Protein chains: 2
Amino acid sequence: MSSPSRAPRHTLSRERLVAAALDLADSEGISALTIRALASGLGVKPMAIYHHVANKDEILDAIVDAVYAETYLPRPYAPWREELARRTRSVHDALNRHPWALGLMETRKAPGPANLASHEAVLEVLLTAGFSLGATAHAYATLDAFVYGFCLQEVMLDSIDLAGSADDLLAGMNLTGHPRMAQFAAEHVLQPGYAFGDSFEVGLGLVLDGLEQLRRSA
Amino acid sequence: MSSPSRAPRHTLSRERLVAAALDLADSEGISALTIRALASGLGVKPMAIYHHVANKDEILDAIVDAVYAETYLPRPYAPWREELARRTRSVHDALNRHPWALGLMETRKAPGPANLASHEAVLEVLLTAGFSLGATAHAYATLDAFVYGFCLQEVMLDSIDLAGSADDLLAGMNLTGHPRMAQFAAEHVLQPGYAFGDSFEVGLGLVLDGLEQLRRSA
DNA sequence: ACCTGAACACCGTTCAAGT
DNA sequence: ACCTGAACACCGTTCAAGT
């Protein structure tokens, strides 16, 4: 007879492990994703993890690629502007669902399969739409810069200490000596209905307009 | 007579400490910036650090703000497009000199004085150039998205394992099944003279063109 | 084949003590 | 006022051992 405190065998797998890691990062934050906490959540001892992955980095690689796997793959031979808009919104949404992903991307050493598939799809759309190789490089770099950077700003805004009211927050910063920020806050940011995220569609349209110029000129 | 192994007193200061932290992050990487390593480099015991800062987060806040302090402050009443181009290039350069800064920005809870001064200067330029409050918000969000996101991509590209030749690298990824990436690599990225960073000026011009549209329409 | 216990070399940080 | 020693509660990971 087996001890009741012993976990059943063969229940751990790479997939279960990666799914649990992603859930833990989403619910408790990336700093709570430790091998020990992950094991404990799976009802297993820390060292059991290492039977399914070589090290923690492999887990981080996997959850970053899982985020790419959630994004829309644009189709060639469909209107390129709408396809790229949809894929860019989809990346934006995925990075908002998993705000820890951006930080991890900086230190990944190899792109995963979903990342590569996403890359391939975007390249195919641009090349099929008639972008030259050079214009494709510039277009892709600029569009991805926009979506990554926009999400980064959203993460930064979310991490700013929001204890107390917005007025308290602004009072805490030294807005005396910064009249434009004070004006901008009072007359725009603190007005009802303002949302940083509303700039996303404006910026996206602006960048897509620029891509069309690139496509025409090359 | 004092023991030779004892560090002289009063040599530690907040400034020396922050400068040493920035140097350490630049030279050895952000993961090498530990309280213990920092203390050792300053010829002091770890706990001496805590006499000048409350905790490690305060050091990270300080070195992030030091990066902002290196960036160009745009002037109002000068041609706004050239001023913002110069400031954007300057942010790009600073983030390339200190590639660890982007990752830290995501978790900072309060903007430092140099960060606020930068914010103020950009707002003043946009408002003085005739951007409405709404257009200013969209313009600033889009321009910063571009530069942060572009730098993030550069950090990501730098962290990709570059052991061996570029051909080995591409062979390591599964480019079979990804014909567009294979084509793009062979015919463009691997050609002599290609550099990812060349897309920066193109994207910047594209975004600034878009800002001019925003300024006119609002 | 899969899981565990104990240990190692690290962290940031508290607390009490020295000069 | 400024610095230190020892200790605590954490990490990821190695190694040898259990079933």
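Model, not experiment: these values are computed from the prediction. Excluded from the calculations below are hydrogen atoms, water molecules and symmetry mates; all remaining heavy atoms, backbone and side chain alike, are included. Sequence lines set the chain letters: A, B, ... in the order given, protein chains first and strands last, and positions in each chain run from 1.
- For the side-chain contact (heavy atoms from CB on, under 4.5 Å) test, residues two or more places apart in sequence or in another chain that qualify with B:Arg89 are B:Ala85, B:Phe200, B:Glu201, B:Leu204.
- A:His52 has a side-chain polar atom (N or O) that falls below the 4.0 Å cut-off from OP1 or OP2 of C:dC3.
- A:Ser13 is linked by a side-chain contact (heavy atoms from CB on, under 4.5 Å) to A:Glu15, A:Arg16, counting only residues two or more places apart in sequence or in another chain.
- Checked against salt bridge (charged side-chain N to carboxylate O under 4.0 Å, His left out), A:Arg36 has no partners two or more places apart in sequence or in another chain.
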Show me the donor-acceptor pairs within less than 3.5 Å that the side chains of residues 136-147 of chain B make with the rest of the protein, sequence neighbours left out.
residue	atom	partner	partner atom	Å
B:Thr136	OG1	B:Ser132	O	2.8
B:His138	ND1	A:Ser199	OG	2.7
B:Thr142	OG1	B:His138	O	2.8
B:Asp144	OD1	B:Arg87	NH2	2.7

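- With sequence neighbours excluded, the residues satisfying side-chain contact (heavy atoms from CB on, under 4.5 Å) with A:Met156 are A:Leu152, B:Tyr68, B:Met105, B:Tyr148.
- The salt bridge (charged side-chain N to carboxylate O under 4.0 Å, His left out) test applied to B:Glu124 returns A:Arg180, not counting sequence neighbours.
- Annotated stems with DNA chain D as a participant read C:4-8 with D:12-16, C:12-16 with D:4-8, given as range with range, by first number; only runs of 3 or more Watson-Crick or G-U pairs under 3.5 Å qualify.
- With sequence neighbours left out, A:Asp57 forms a side-chain contact (heavy atoms from CB on, under 4.5 Å) with A:Asn55, A:Leu60, A:Arg108.
- A donor-acceptor pair under 3.5 Å is formed between the side chain of A:Lys56 and the backbone N or O of A:Leu33.
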Table please: side-chain donor-acceptor pairs of residues 18-29 of chain B below 3.5 Å, with sequence neighbours left out.
residue	atom	partner	partner atom	Å
B:Asp26	OD1	B:His98	ND1	2.8
B:Asp26	OD1	B:Trp100	NE1	2.8
B:Asp26	OD2	B:His98	ND1	3.1
B:Ser27	OG	B:Asp23	O	2.9
B:Ser27	OG	B:Leu24	O	3.4

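- Within residues 17-29 of chain A, no residue has any heavy atom closer than 4.0 Å to DNA chain C.
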Requested in this report: Summarise protein proximity over nucleotides 9-16 of chain D in one line of letters, 5' to 3': B for base, S for sugar-phosphate only, - for none, counting protein heavy atoms closer than 4.0 Å.
Outcome: --BBBBB-
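- For A:Glu83, the side chain to side chain donor-acceptor pair (under 3.5 Å) partners are A:Tyr72, A:Arg75, not counting sequence neighbours.
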